[in-house]
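Have a look at the structure below, then the notes.
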Amino acid sequence: MQATTHLYPLAGYSFGTKSPQIDEDQSVAARQARHQAEYALSGMRKTVEAVLLVHDHGHPHVLMLQVANSFFKLPGDFLRPGEDEITGLKRALSEKLAPPVNPSDPASATEAVDWEISELLATWWRPHFDSYMYPYIPPHITKPKEEKRMYLIQLPEKRLLSVPKNLKLVAIPLFELHENAARYGPQLSTLPNLLGRFNFV
């Protein structure tokens with residue numbers, strides 16, 4: 001039986017801003033060095049990311065965060081020690097997209113939002129301390145360095161989404177993502193394939 005998910009018009013969502021969230025690492029080399037240091041202390045990193053869908057002009061779009069007008073990513077985060085995937089993903093979504101409690105103070109705490117986690121879409125593995133990830137563990141790898149899981153989120157018909165001022169929230173159509181690894185990378189460009197099994201209503 002084909003899975004069903006509900007999509008609502010992009011025009012039904014409103015968008016605000018909140019305080020910037022600066023990346024801890026200012027370069028790829030710094031990110032890899034931090035990952036290696038954390039692995040020595042805590043073992044394999046676990047990451048969760050969210051796929052949020054809307055429709056615009058009759059076509060499904062994925063909401064993504066855009067960094068510096070060039071880099072695109074899904075909202076998500078590394079799991080904290082002892083944190084389960086669902087709890088961690090809801091925390092990450094609130095940190096990235098929930099509005100501040102006090103709208104006149106973008107630096108105030110974020111509102112408590114009950115995100116509806118639908119289902120797991122994909123698992124990616126990072127064998128080494130570099131940028132390459134695969135949708136499987138290569139046969140010669142016994143200790144992968146990171147596991148990333150992507151979950152589909154069921155958005156309500158209307159919601160206020162507040163984005164850190166140093167990021168932009170953009171809606172990318174599936175046809176733009178399809179086989180476009182040159183612009184969006186191998187993970188994001190496979191989302192149309194992963195979502196092809198769903199009946200959008």
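Excluded from the calculations below are hydrogen atoms, water molecules and symmetry mates; all remaining heavy atoms, backbone and side chain alike, are included.
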Indicate yes or no: at least one non-hydrogen side-chain atom of [X] is less than 4.5 angstrom from one of [Y].
| X | Y | result |
| --- | --- | --- |
| D84 | K46 | no |
| M64 | L169 | no |
| V170 | L63 | no |
| L52 | L93 | yes |
| I141 | Y136 | no |
| I153 | E116 | no |
| V201 | L7 | no |
| Y39 | E146 | no |

inquiry  = Would R91 pass as a cation-pi partner of W115, given that its NZ or CZ must be under 6.0 Å from the six-membered ring centre and within 45 degrees of the axis?
reply    =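 Judged by the rule, R91 and W115 form no cation-pi pair.
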Roughly how far, to the nearest 0.5 Å, is the [atom2] atom of [Y] from the [atom1] atom of [X]?
| X | Y | atom1 | atom2 | result |
| --- | --- | --- | --- | --- |
| Q36 | F129 | CD | CZ | 4.5 Å |
| L195 | L152 | CG | CG | 6.5 Å |
| E49 | L74 | CD | CG | 5.0 Å |
| Q154 | Y8 | CD | OH | 5.5 Å |
| S118 | L155 | OG | CG | 10.5 Å |
| Q2 | F198 | CD | CZ | 9.5 Å |

If you take all heavy atoms of [X] and [Y], which pair is closest and at what distance?
| X | Y | result |
| --- | --- | --- |
| W125 | P144 | CE3-CG, 3.9 Å |
| S162 | P100 | OG-CD, 3.7 Å |
| K18 | L97 | NZ-N, 3.6 Å |
| G76 | A92 | C-CB, 3.7 Å |
| F72 | L188 | O-CD1, 3.7 Å |

task = Kindly determine whether L174 and H61 satisfy side-chain contact (heavy atoms from CB on, under 4.5 Å), including the steps that lead there.
result = CA-CA 6 Å; L174 293 190; H61 287 56; over 6 Å; no
Examine distances only and state if a side-chain atom of [X] and a backbone atom of [Y] form a donor-acceptor pair shorter than 3.5 Å.
| X | Y | answer |
| --- | --- | --- |
| N166 | Q21 | yes |
| Q66 | L167 | no |
| T190 | N193 | no |

Sidechain N-carboxylate O distance under 4.0 Å for [X], [Y]:
| X | Y | result |
| --- | --- | --- |
| K145 | D130 | no |
| R80 | E95 | yes |
| K96 | D77 | no |
| R197 | E119 | yes |
| R149 | E147 | yes |

Donor + acceptor pair across side chains of [X], [Y] (<3.5 Å):
| X | Y | result |
| --- | --- | --- |
| E179 | S189 | no |
| E176 | Y184 | yes |
| Q187 | K148 | yes |

In terms of hydrophobic clusters joined by side-chain contacts under 4.5 Å, are [X] and [Y] together?
| X | Y | result |
| --- | --- | --- |
| V67 | F15 | yes |
| L89 | F78 | no |
| V51 | V54 | no |
| L120 | I86 | yes |
| V62 | L194 | yes |

query = Linking Ile, Leu, Val, Met, Phe, Trp and Tyr through side-chain heavy atoms less than 4.5 Å apart, which residues share a cluster with L160?
reply = none
ask   = E38 and R45: side-chain contact (heavy atoms from CB on, under 4.5 Å), yes or no, with the steps?
value = CA-CA 8 Å; E38 290 175 352; R45 171 184 286 173; 2.8 Å; yes
task = Could you walk me through whether L191 and I172 pass side-chain contact (heavy atoms from CB on, under 4.5 Å), step by step?
result = CA-CA 11 Å; L191 286 176; I172 309 295; over 6 Å; no
message = Show, in sequence, the C-alpha distance, side-chain angles and deciding distance for V163 and L65, and conclude whether the side-chain contact (heavy atoms from CB on, under 4.5 Å) test is met.
response = CA-CA 9 Å; V163 187; L65 295 167; 4.0 Å; yes
ask   = Which is it for E85 and Y151 under the side chain to side chain donor-acceptor pair (under 3.5 Å) test, yes or no, and what are the steps along the way?
value = CA-CA 10 Å; E85 293 175 6; Y151 284 88; 2.3 Å; yes
message = So that I know where these two stand, are H59 and F175 an aromatic pair - ring centroids less than 6.0 Å apart?
response = yes
